[in-house]
Amino acid sequence: MRFLLDPEQRDFARSLDALLAAAGTPAVIRDWSRGEHGRGRALWSRLAEAGVFALAVPEEYEGLGLRPVELAVAFVELGRHAVPGPLVETVATASLLAGTGHAKRFLPGLAAGESTATLTREGSLALDGDAATHRFSLSPDGLRLAPGHGPVRGSLDPARRLTPLLPGGELLGPPAPHALALARLTTAAQALGVGLALLDRTVTYVGRRTQFGVPVGSFQAVRHRLADAKIALEFARPLVLGAALTMAPADVAAAKVTACEAAYTTARTALHLHGAIGYTDEYDLSLWLTKARALRTAWGTPRECRDDVLGAA
């Protein structure tokens with residue numbers, strides 16, 4: 001099936017791409033990895049002005065209404081530029097709070113970018129618990145506002161700073177069967193953007209690097225690896241957009257596993273074709289390589305997502 005974005009959606013994607021390209025996200029990512037959040041918060045405010053977080057907030061709370069397709073479009077661009085922060089968690093939390101009596105308390109601030117939220121399943125580590133304004137956990141009895149967080153722990157992606165949340169806290173709403181859907185959808189879109197960025201950077205690199213007097217990109221074996229990565233990413237794109245239209249749990253799980261596996265495969269190809277330079281922290285490629293690996297298991301491992309797809313068959 002072929003999905004075409006309408007002109008307004010394409011303009012939205014282009015405007016976000018321009019905004020993020022001008023922001024110099026590699027420097028923002030490195031600051032965030034060190035726990036320096038100033039430039040990251042400034043970028044967060046600009047994303048809020050562009051309407052990204054309002055896409056998950058109902059109109060009565062100063063949002064634009066839940067728009068999964070536009071959120072998917074936005075998160076592809078956020079992944080393409082590897083923007084750090086609890087992006088997925090903020091929009092997923094907004095969708096959960098919309099059905100509770102606490103919506104007015106939290107949602108206007110989240111839509112405006114004045115506050116941020118992290119969200120995790122009880123017993124799991126939360127992303128950027130040290131930087132988030134509000135910290136939420138999904139427990140068997142519902143959504144809770146955590147009373148605090150523990151020390152920051154390292155992650156395979158330095159920009160994904162993980163913290164345990166303190167147990168207990170205020171119960172805000174009952175268990176939500178759709179709790180994972182928006183988190184998985186936006187993670188899938190983010191992973192797709194990461195994969196597209198890795199592919200673009202690798203194509204440019206092998207076009208410049210020469211061996212035996214010719215560009216490495218002219219070798220058939222290199223072309224085959226890049227073509228396989230391109231096919232995997234293009235196959236994932238309609239699954240992400242289709243899942244955004246239906247929001248069916250099985251469709252979202254299929255999109256998540258397909259997009260994340262495509263990004264991970266592209267990351268392996270990018271690292272192989274760049275050689276040793278791809279491992280270095282100083283080289284920007286590493287910012288996308290580590291994110292592709294981390295997103296692969298965020299909000300559902302490949303096995304969990306496949307089980308959800310098969311369980312719905």
Side-chain angles (χ1 to χ4, degrees), residues 1-20 47 50-58 63-83 87-92 94-95 178-200 227-267 288 291-292 295-296 298-300 302 304-306 308-310 312-313:
M1 186 177 294
R2 188 182 183 197
F3 291 91
L4 294 176
L5 300 178
D6 63 32
E8 185 176 348
Q9 291 164 339
R10 292 196 296 271
D11 288 344
F12 180 46
R14 282 192 291 266
S15 68
L16 285 179
D17 181 43
L19 183 159
L20 294 169
L47 291 171
V52 171
F53 306 113
L55 294 170
V57 175
L64 297 172
L66 181 58
R67 299 188 181 187
V69 174
E70 284 74 14
L71 276 171
V73 169
F75 272 78
V76 169
E77 299 307 319
L78 296 174
R80 197 191 297 271
H81 292 274
V83 178
L87 300 157
V88 166
E89 290 70 21
T90 292
V91 298
S95 73
H178 66 288
L180 287 180
L182 197 62
R184 282 184 172 177
L185 174 70
T186 46
T187 300
Q190 196 176 17
L192 177 58
V194 168
L196 292 170
L198 284 166
L199 182 62
D200 288 345
D228 288 344
K230 175 71 170 176
I231 291 169
L233 292 168
E234 290 305 318
F235 181 75
R237 191 193 301 269
L239 290 183
V240 171
L241 293 175
L245 286 173
T246 69
M247 288 304 291
D251 293 345
V252 173
K256 203 273 179 184
V257 69
T258 305
C260 288
E261 292 297 85
Y264 183 63
T265 297
T266 304
W288 280 264
K291 191 168 292 294
L295 291 176
R296 188 173 182 237
W299 292 106
E304 288 174 330
C305 291
R306 290 188 179 102
D308 287 349
V309 174
L310 291 174

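Source: prediction; values computed, not measured.
Contact of the His81 side chain with the Leu16 side chain is not registered, since no non-hydrogen atoms from C-beta on lie closer than 4.5 Å. Residues Leu78 and Leu47 form a side-chain contact, since some pair of their non-hydrogen atoms from C-beta on lies under 4.5 Å apart.
Here the OG1-CG distance, from Thr258 to Leu233, works out to 11.5 Å after rounding to the nearest 0.5 Å. Between the CD atom in Glu77 and the CG atom in Leu19 there is a gap of 11.0 Å [rounded to 0.5 Å]. In this structure, CG in Leu71 is found 4.5 Å from CG in Leu55, a value given to the nearest 0.5 Å. Once rounded to the nearest 0.5 Å, the distance linking CG of Leu198 with NZ of Lys291 reads 11.5 Å. Between the CG atom of Asp6 and the CD atom of Glu70 there is a distance of 7.0 Å, given to the nearest 0.5 Å.
Qualifying side-chain hydrogen bond (donor to acceptor under 3.5 Å, both in side chains) partners for Asp11, counting only residues two or more places apart in sequence or in other chains: Arg14. For Arg67, the side-chain hydrogen bond (donor to acceptor under 3.5 Å, both in side chains) criterion is met by no residue, not counting sequence neighbours. Annotation: salt bridge (charged side-chain N to carboxylate O under 4.0 Å, His left out) contacts of Arg306 (sequence neighbours excluded): Glu261.
Side-chain atoms of Glu304 and Trp299 include no donor-acceptor pair closer than 3.5 Å.
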List, one per line, each side-chain donor-acceptor pair under 3.5 Å for residues 238-250, sequence neighbours excluded.
from: Thr246; atom 1: OG1; to: Ala248; atom 2: N; distance (Å): 3.2
from: Thr246; atom 1: OG1; to: Asp251; atom 2: OD2; distance (Å): 2.7

Please output the side-chain donor-acceptor pairs of residues 185-192 that fall under 3.5 Å, not counting sequence neighbours, one pair per line with the distance.
from: Thr186; atom 1: OG1; to: Leu182; atom 2: O; distance (Å): 2.7
from: Thr186; atom 1: OG1; to: Ala183; atom 2: O; distance (Å): 3.3
from: Thr187; atom 1: OG1; to: Ala183; atom 2: O; distance (Å): 2.7

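Of all non-hydrogen atoms in Leu295 and Cys260, the two that sit nearest each other are O-SG, 3.4 Å. Across every non-hydrogen atom of Leu66 and Ala56, the tightest pair is CD1-CA, 3.9 Å. Closest heavy-atom contact between Ala197 and Trp288: CB-NE1, 3.5 Å.
Sorted by first and then second residue, the salt bridge (Lys or Arg N to Asp or Glu O under 4.0 Å) pairs with a member in residues 184-199 read Arg184-Asp308; sequence neighbours excluded.
Thr265 places no side-chain N or O within donor-acceptor distance of the main-chain N or O of Ala262, the cut-off being under 3.5 Å. Checking side-chain atoms of Lys256 against main-chain N and O of Cys305 turns up no donor-acceptor pair under 3.5 Å. When atom types are taken as modelled, the side chain of Thr90 and the backbone of Leu87 share no donor-acceptor pair closer than 3.5 angstrom.
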